Amino acid sequence: MTTIQGHGASAGVTCGPLYLFRRPPAPVYADTAEDPGAEWARFKSAQTRASLQLAGLARRALRQGGQKAADLFETHQLLAEDLDFEDAVQRSIRLDGLTAEAAVNKSAEQFARMFREMDDAYMQARGDDILDVGRRILRILSGRAEGRLELEWPVILVSDELAPSETIQLDKSKILAFVTEGGSANSHTAILARTMGIPAVFGAEGLLRPEYEGQEAFVDGETGQIVLDADDETRDALLEKQQVQARLAQLLRALKGQPNRTLDGRELEVVCNISGPGDLPAVRANDGGGVGLLRSELLYLQSTVLPGEEEQLDFYRSVLEPLHGQRAVIRTLDIGADKQVDYLPLPAEENPALGMRAVRLCLTRPDLFRVQLRALYRASAYGNLAILFPMVSSPWEFTACRALCEQVQRELTQEGVAFCRDVPLGVMIETPAAAMMSEELAQVADFFSVGTNDLTQYTLACDRQSGQLDQFYDPHHPAVLRMIRRAAKAIHRHGKWIGICGELAGDVQMTELFVAMGIDELSVSPSQVLPVRNTLRSLDSRVNGPRLLEELGE
Ligand code: PEP
Ligand code: MG
């Protein structure tokens, strides 16, 4: 039996085969070949496989994200089969004596240049698509694994690190657990694992060994243990734990339909953090009261080109409509730091977490922001929308956001497009500055949501991405909790509401304190809705509340 100890990042016990994921290095290939006939045959076979892969991806995207999501892969399939592209490859092979790889590379670059020189913005964007198609054919020619993971059966995915953009593209039904050698339980990848309800362990050093490939292992996402070749006693104990968890989940299901009310009658909203429409079934299954945080950047991370207004509208609408009037708080684009996209290269920064991210990027690039705000306002006609701005630290940033919203509303009115005129606009309290300025912010914003993940990072000056700092990254630190209390008092003085959407919201040890502070809403991963409800329903805020507040101070 071999036990590897990591840090538990998403609870749950699971067992299955290990799948070791290593990013393939860029393929190396010769430029010229002796036998053009053989090279042409290699190209044709790779082209057919690329086309089949793309058709499969389009079907999956259609199921998970609707027609707009499928469009991209359908376009790629058309490009892979394009006769002009094929002719260019053939000429390079037959006339210039190039290998299939060199011919694909040359033709893709030539076509990309041609597309980019066109006047039409749509055609210009096809330049990136043809390069992506070229890379796909090259990967197939070199016999290397897909950059985007295609799994055939459910596995425990083991990797050195996983970027949020890689995680979001995985087929959840094929992942039993995530295990990484590096990473931190506070990273976005860990948050995504919790949102998906998939066990995860980070910092499991020594698991990426070729001899472990395909071996059966147990993963305990709570204790952070990975067990290979478990002896009978350990196997029985882990299976027992799995059953206890299943029984507990069954008991919690009895709370569906019950109010989130304490014994002394205090009621809170308990809503969900989601990544997109694909998470709505989990919201429903766990009886979430709506969506308290949709991280809209996940749409951007899933795409290979900047999502346009129509695609964004479809995405937001597909979240709002099925909620039938329950509120969805959609957060505007929060990329930068660990969330990067290739098609929007951001300047290299010494301290990206303190750099050009979130609302700073949006206010610096109003061209990007305007497209998102237009899509959001158009989507507001289909449900109960609230818009939330991330990483605000000064009131002027929020008022600049509001001004852009008003401009978009004027445009839509002139165009005769339907939208809701009183979409609430909120501020995330995730910088110490926002907490300290909550009095002023409460005078201009309609509602607030505390992002405890970043609030902890910035209050404690402690990088949430670093696995080595886990013992210092403490969201329970009084400095963080006092910030929340201070903000709650100021915000309530102005008659506004305040929720918490960082990971701390789902920590049931904190529920009693949050009730005592008067927090109005807790937004948690879908699997935490019923545990939080259970805790709320078993507490009486008069018993410990006053003491907890006194101990906290502030
Ligand atoms: C937070 O910082 O707590 C938050 C909810 O935002 P994110 O985790 O996406 O940075
Ligand atoms: Mg944040």
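Counting convention: from 1, in listed order, for ligands and their atoms alike. Just so it is clear, the structure is predicted and the values come from calculations on it, not from any experiment. Worth knowing before you read on, the calculation uses all heavy atoms, side chains too, and leaves out hydrogens, waters and symmetry mates.
Using a 4.0 Å cut-off between charged nitrogen and carboxylate oxygen, D540 and R266 do not count as a salt-bridge pair. The pair R284-D287 fails the salt-bridge criterion, with no side-chain N (NZ, NE, NH1 or NH2) lying under 4.0 Å from an Asp/Glu carboxylate O. Between D171 and K174 there is a salt bridge, since a side-chain N of the basic residue sits under 4.0 Å from a carboxylate O of the acidic one.
Near L293, with a cut-off below 4.0 Å to any heavy atom, the atoms of ligand 1 are 5 (C). Near C501, with a cut-off below 4.0 Å to any heavy atom, the atoms of ligand 1 are 5 (C). Close approach of ligand 1 to E430 (heavy-atom distance below 4.0 Å) involves ligand atoms 1 (C), 2 (O), 4 (C), 6 (O). Close contacts of ligand 1 with G502, meaning ligand atoms under 4.0 Å from a residue heavy atom, involve 3 (O), 5 (C). Close approach of ligand 1 to D454 is summarised as follows: ligand atoms under 4.0 Å from at least one heavy atom of the residue are 1 (C), 2 (O), 3 (O), 10 (O).
Only the side chain of I191 comes within contact range of ligand 1, with a heavy atom under 4.0 Å; no backbone atom does. Residue M428 touches ligand 1 through its side chain alone, judged by heavy-atom distances below 4.0 Å. Under 4.0 Å from ligand 1, not a single heavy atom of V450 appears.
Residue contacts with ligand 1: N453 is placed with a nitrogen or oxygen under 3.5 Å of a nitrogen or oxygen of the ligand (distance criterion only).
Contact annotation: the side chain of V201 never approaches that of H7 to less than 4.5 Å [non-hydrogen atoms, C-beta and beyond].
Within 6.0 Å of CD on E550 lie no more than 12 heavy atoms contributed by other residues, nucleotides or ligands.
Residue I519 holds its CD1 atom at 10.0 Å from CE of M510, rounded to the nearest 0.5 Å.
Between the Mg ion (ligand 2) and the N, O or S atoms of E430, the shortest distance is to OE1. Within D454, the N/O/S atom positioned nearest the Mg ion (ligand 2) carries the name OD2.
Not a single heavy atom of E503 sits less than 4.0 Å from an atom of ligand 1. Using a 4.0 Å cutoff on heavy atoms, R464 counts as a contact of ligand 1.
Regarding atom 6 (O) of ligand 1, its nearest protein heavy-atom neighbour is R331 NH1, 2.8 Å. Distance from atom 7 (P) of ligand 1 to its nearest protein heavy atom, with residue and atom name: H188 NE2, 3.2 Å. Protein heavy atom nearest atom 5 (C) of ligand 1, with residue, atom name and distance: R295 NH2, 3.4 Å.
Of the possible donor and acceptor atoms, none in the side chain of D446 sits under 3.5 Å from a partner among the backbone N and O of P424. Under the 3.5 Å distance criterion, the side-chain polar atoms of E397 are left unmatched by any main-chain donor or acceptor of V392.
A cation-pi arrangement is not found for R378 relative to F419, the charged atom failing to lie both closer than 6.0 Å to the ring centre and inside a 45° cone about the ring normal.
In this pair, F447 and W497 present their aromatic rings parallel. The plane angle is below 30°, not in the 30 to 60° band.
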